[in-house]
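Order of the sequence lines fixes the chain letters, A, B, ..., with proteins taken first and strands second; residue numbering starts at 1 for each chain.
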2 protein chains.
Amino acid sequence: MTTRTRAPDAGSLPLDQIIAGDCIDVMNALPECSVDLIFADPPYNLQLKGALHRPDNSEVDAVTDDWDQFASFAAYDRFTREWLAAARRILKPNGAIWVIGSYHNIFRVGASLQDAGYWILNDVVWRKSNPMPNFRGKRLTNAHETMIWASKAEGAKYTFNYEALKALNEGLQMRSDWVIPICTGHERLKNEKGDKAHPTQKPEALLHRVLLGTTNEGDVVLDPFFGTGTTGAVAKMLGRHYIGIEREADYRKVAEKRLAKVRKLDKSALEITTSKRAEPRVPFGQLVERGLLRPGEVLVNQRGQAAKVRVDGSLVSAEHRGSIHQVGALLEGAPSCNGWTYWQFKRDGQLIPIDILRQQIRTEMGKHG
Amino acid sequence: MTTRTRAPDAGSLPLDQIIAGDCIDVMNALPECSVDLIFADPPYNLQLKGALHRPDNSEVDAVTDDWDQFASFAAYDRFTREWLAAARRILKPNGAIWVIGSYHNIFRVGASLQDAGYWILNDVVWRKSNPMPNFRGKRLTNAHETMIWASKAEGAKYTFNYEALKALNEGLQMRSDWVIPICTGHERLKNEKGDKAHPTQKPEALLHRVLLGTTNEGDVVLDPFFGTGTTGAVAKMLGRHYIGIEREADYRKVAEKRLAKVRKLDKSALEITTSKRAEPRVPFGQLVERGLLRPGEVLVNQRGQAAKVRVDGSLVSAEHRGSIHQVGALLEGAPSCNGWTYWQFKRDGQLIPIDILRQQIRTEMGKHG
DNA sequence: GTCTAATCTGAATCACGAA
DNA sequence: CTTCGTGATTCAGATTAGA
């Protein structure tokens with residue numbers, strides 16, 4: 001494995017290498033119809049303004065790198081259309097592309113994909129199990145990113161390993177929403193100073209699922225925004241060839257080092273057993289939203305004390321207000337209380353524990369909560 | 001409640017009604033800057049080809065209605081830009097919009113929203129607990145739809161009931177991924193023949209969360225693609241005004257019947273948990289004026305550092321002077337500090353947070369109007 | 001060493017009213 | 001329009017420090 005310092009001659013394919021340079025120039029120098037899959041994590045164009053502090057006054061280390069700065073939506077669109085066109089030229093007729101983004105850029109990317117002639121197969125939601133909260137309480141926690149999976153054209157015979165993904169999902173068809181933690185801990189690459197080497201390193205689990213599901217062993221996977229090489233690392237591990245393109249020398253250096261350590265897995269090791277998930281948490285408010293309890297309805301405890309359900313899923317008793325757990329604890333003078341087993345509601349003259357309703361919701365959610 | 005057969009005169013706002021007609025014409029006839037929220041479920045432009053059968057050979061009842069047919073992406077974009085512009089004109093400056101869609105149309109809608117000057121606040125994923133499987137095994141189960149929440153412009157003061165949504169999620173910040181079942185069972189409206197009255201009826205739980213989180217009681221909510229009136233039903237229940245626009249007489253008829261049955265929830269059920277931000281401001285000096293704290297009295301922080309209260313409500317420590325917030329920030333070397341939660345005073349040997357005194361004043365203010 | 005508590009951090013379009 | 005002061009606001013998980 002070596003890093004090339006200039007684009008390769010047309011006709012040859014620089015397998016398992018990182019190529020230095022602008023991805024549009026480099027892709028334009030590669031032979032057409034030669035690549036099986038492209039995975040792209042382009043700049044998101046975040047348009048951040050001032051600094052942001054956590055409630056404890058620490059400062060959030062935001063993405064303020066030059067490569068994420070664009071003068072306007074029009075400039076971002078131009079850039080997007082150019083790299084998407086270059087990518088489409090080098091894709092084999094039955095090749096496919098994945099692009100990941102957030103609400104800042106993904107709508108522009110998706111529209112440009114369609115305009116360029118790609119055919120969208122699915123959009124996939126990466127649901128983060130541990131996202132950064134919204135510290136100021138001004139919006140919803142931005143807890144997901146979106147990936148678009150598209151074939152080169154309508155009617156193309158793209159690769160889809162249906163059974164492999166089904167096995168990965170405990171025998172159930174793989175859905176379009178994937179729960180995966182963000183990249184932290186040992187997996188997160190550090191530079192010499194001990195800081196994160198790249199501000200937006202993606203988890204290997206994400207690429208694992210993408211490559212397992214939409215490429216075959218020996219396929220060529222190209223990543224035009226290679227960064228620290230997650231795509232290459234997972235490709236190598238899974239026995240796929242990779243081609244990385246990266247402008248920044250610092251990122252290339254980290255990626256080279258990373259890739260040198262990766263070994264291809266043997267087939268038996270690729271089969272993973274997934275641990276059984278804990279029962280999904282059901283917020284009490286969902287019973288109200290779903291009409292299982294009416295706002296204004298009265299719950300009672302064992303001693304006959306009553307509390308009224310409010311429209312936001314909080315309770316009000318004669319003296320207290322709060323969650324089902326808080327009001328229960330206050331009525332009992334206890335430090336805590338499991339509201340699910342504490343409260344009952346009335347149906348047809350019968351008192352029924354509200355936990356019955358939670359079980360009902362969990363059944364509906366199946367394994368996908 | 002009556003159905004109007006033509007657009008209303010400019011200047012008047014037809015509250016709690018369903019208006020017959022094309023949504024662009026009708027919106028253009030409404031007064032500008034008059035609506036608090038728009039919820040839109042536009043045609044998805046599904047581009048379905050042949051019939052689809054389940055493994056048991058039964059046929060899937062697909063969306064093949066005329067209103068979902070567009071000649072091209074360009075035609076769909078034209079339509080989208082027009083209704084988004086009409087919608088933006090009638091929005092109040094601090095109004096907001098929600099649009100729901102799937103990967104077929106949502107990228108075009110999102111890009112058009114941004115181009116029209118709307119400012120995206122979040123994209124929200126509706127994760128279906130019970131989606132239709134992919135019968136052919138050719139793609140991932142399409143298990144979600146995407147909603148975009150956007151303000152009329154960057155910097156606008158949109159409505160966001162942070163604490164109410166947090167309560168609905170049992171005390172945790174509401175995330176951008178919502179697990180809600182699709183609309184089935186008794187909630188799913190049927191026509192005279194017993195078939196579903198509308199092919200894409202949305203669940204009330206979805207609208208419950210949207211309206212609770214981003215409107216206030218008495219707000220005006222407009223739905224330009226009203227269908228069978230889910231937006232109106234939830235709005236009425238939650239004490240919001242609705243305006244529905246719908247072209248198809250069959251849908252209007254079903255919606256009229258549905259809305260006639262809906263009752264507004266009673267006042268106590270409608271109360272939501274509110275943010276401290278909404279509470280009246282209490283200057284620290286009032287504690288001194290009212291004799292809750294004596295001038296000369298000493299406050300201490302967690303680390304035992306002291307500061308003396310002066311007659312004008314300012315503090316003096318060994319090295320700093322200023323407001324409770326300024327002295328706290330200086331002692332911590334922090335960019336800011338909430339003095340109310342930072343300082344404590346002593347009573348009967350006990351250390352008590354000064355915020356208790358502010359709450360006391362607020363309670364008194366409440367009693368006196 | 002072992003268990004517990006404190007600390008740190010992640011693609012973030014993150015305040016607002018008075019003067 | 002800008003400037004200024006008040007004061008509201010976080011979840012999961014990994015790592016480090018302490019008992």
>> Quick check on D:dT9: is either OP1 or OP2 less than 4.0 Å from any side-chain nitrogen or oxygen of B:Ser275?
In response: yes

> Where do B:Gly304 and B:Val300 come nearest, in terms of heavy atoms and distance?
Replying inline: O-CG1, 4.1 Å

>> Can you check the distance between C:dT13 and D:dT6, where both ends of the measurement are the P atom (answer in whole Å)?
In response: 29 Å

> Start at the 5' end of DNA chain D and walk down; is the nucleotide closest to A:His53 or to A:Gly185 reached first?
Replying inline: A:His53

> B:Leu287 CG to D:dT6 P: how many Å, rounded?
Replying inline: 14 Å

> Nucleotide by nucleotide, 5' to 3', does protein get under 4.0 Å of the base (B), only the sugar-phosphate (S), or neither (-) in nucleotides 11-19 of chain C, counting heavy atoms?
Replying inline: BBBBSSS--

> Between B:Leu84 and B:Val109, what is the shortest heavy-atom contact and its length?
Replying inline: CD1-O, 4.1 Å

> Should B:Arg358 and B:Asp355 count as an ion pair when the cut-off is N to O under 4.0 Å?
Replying inline: yes

>> Measure CG/A:Asp56 against C1'/C:dG10 and give the value in whole Å, please.
In response: 13 Å

> What integer distance in Å separates B:Glu279:CD from D:dT9:C1'?
Replying inline: 15 Å

>> Using a heavy-atom cut-off of 4.0 Å across all strands, would you classify A:Pro131 as base, sugar-phosphate, or nothing?
In response: base

> Considering all heavy atoms of both residues, which atom of B:Asn169 and which atom of A:Pro283 are nearest to each other, and what is their separation?
Replying inline: OD1-CG, 3.1 Å

>> D:dA12, OP1 or OP2 - any side-chain N/O from A:Arg127 closer than 4.0 Å?
In response: no

> Hey, what's the ring geometry for A:Trp67 with A:Tyr251, parallel, tilted or perpendicular (30° and 60° as the breaks)?
Replying inline: perpendicular

> How would you label the contact of B:Glu163 with the nucleic acid (heavy atoms, under 4.0 Å): base, sugar-phosphate, or nothing?
Replying inline: sugar-phosphate

>> Tell me whether the rings of A:Phe70 and A:Phe79 are parallel (<30°), tilted (30 to 60°) or perpendicular (>60°).
In response: tilted

> Hey, are B:Arg290 and B:Glu364 close enough for a salt bridge, meaning a charged N less than 4.0 Å from a carboxylate O?
Replying inline: yes

>> Let's see if you get this right: which residues in residues 338-345 of chain B place a heavy atom under 4.0 Å from DNA chain D?
In response: B:Asn338, B:Trp340

>> If you compare all heavy atoms of A:Val282 against all heavy atoms of A:Trp340, which two are closest, and at what distance to 0.1 Å?
In response: O-CZ2, 3.0 Å

Show me the protein contacts with nucleotides 2-4 of chain D, counting only N or O atoms at under 3.5 Å.
none

>> By the 4.0 Å heavy-atom rule, please label B:Arg358 as base, sugar-phosphate, or nothing.
In response: sugar-phosphate

> Looking only at heavy atoms, what is the nearest atom pair of A:Gly313 and B:Leu168, with distance?
Replying inline: N-CD1, 4.2 Å

> In whole angstroms, how far is the P atom of D:dA14 from the NZ atom of A:Lys190?
Replying inline: 12 Å

>> Just N and O in the side chain of B:Lys166: are any of them under 4.0 Å from OP1 or OP2 of D:dT10?
In response: yes

> On a whole-Å scale, what distance lies between the C1' atoms belonging to C:dA11 and D:dT15?
Replying inline: 22 Å

Produce the list of close N/O pairs, under 3.5 Å, pairing protein atoms with atoms of nucleotides 2-4 of chain C; give distances to one decimal.
none

> Do any of residues 318-330 of chain B sit with a heavy atom less than 4.0 Å from DNA chain D, and if so which?
Replying inline: B:Ser323, B:His325, B:Gln326

> Is the shortest distance from a Lys or Arg side-chain nitrogen in B:Glu154 or A:Lys49 to a carboxylate oxygen in the other one below 4.0 Å?
Replying inline: yes

> When you check the gap from the basic side-chain N to the acidic O, do B:Arg127 and B:Glu145 get nearer than 4.0 Å?
Replying inline: no

> Less than 6.0 Å separating the ring centroids of B:Trp149 and B:Tyr158?
Replying inline: yes

> Any salt bridge between A:Glu204 and A:Arg209, counting N to O under 4.0 Å?
Replying inline: no

> Is the closest basic N to carboxylate O distance between A:Glu246 and A:Arg252 below 4.0 Å?
Replying inline: no

>> Would A:Arg108 pass as a cation-pi partner of A:Phe73, given that its NZ or CZ must be under 6.0 Å from the six-membered ring centre and within 45 degrees of the axis?
In response: yes

> Of all heavy-atom pairs between B:Ala150 and B:Tyr118, which one has the smallest distance, and what is that distance?
Replying inline: CB-CB, 4.1 Å

> Separation of B:Asn161 atom CG from D:dA8 atom P, in whole Å?
Replying inline: 18 Å

> Rounded to the nearest 0.5 Å, what separation is found between the CG atom of B:Leu331 and the OG atom of B:Ser317?
Replying inline: 5.0 Å

> P atom, C:dG10 versus D:dT9: distance in rounded Å?
Replying inline: 25 Å

> When the distance from CD of B:Gln302 to P of C:dA6 is rounded to whole Å, what number comes out?
Replying inline: 12 Å

>> Please report the distance, rounded to the nearest Å, between CD in B:Gln173 and P in D:dA12.
In response: 10 Å

> How should the glycosidic conformation of C:dT13 be described, syn or anti, under the criterion that syn lies within 90° of 0?
Replying inline: syn

>> Over all strands shown, is B:Tyr162 touching base, sugar-phosphate only, or nothing at heavy-atom distances under 4.0 angstrom?
In response: sugar-phosphate

>> Testing B:Leu121, B:Val124, B:Asp177 one by one against A:Leu140 for a side chain to side chain contact (heavy atoms under 4.5 Å, CB included), which residue passes?
In response: B:Val124

> On a whole-Å scale, what distance lies between the C1' atoms belonging to D:dT10 and C:dT7?
Replying inline: 14 Å

>> Regarding A:Lys190 and A:Asp195, does a basic nitrogen lie under 4.0 Å from an acidic carboxylate oxygen?
In response: no

>> Please report the distance, rounded to the nearest Å, between CG in B:Leu315 and P in D:dG7.
In response: 12 Å

> Where are the stems of DNA chain D, defined as at least 3 consecutive Watson-Crick or wobble G-U pairs with both distances under 3.5 Å?
Replying inline: C:2-10 with D:11-19, C:15-19 with D:2-6

>> Parallel, tilted or perpendicular: which one describes the rings of B:Trp178 and B:Trp98, with boundaries at 30° and 60°?
In response: tilted

>> I'd like the P distance from D:dG7 over to C:dC14, given in whole Å.
In response: 23 Å

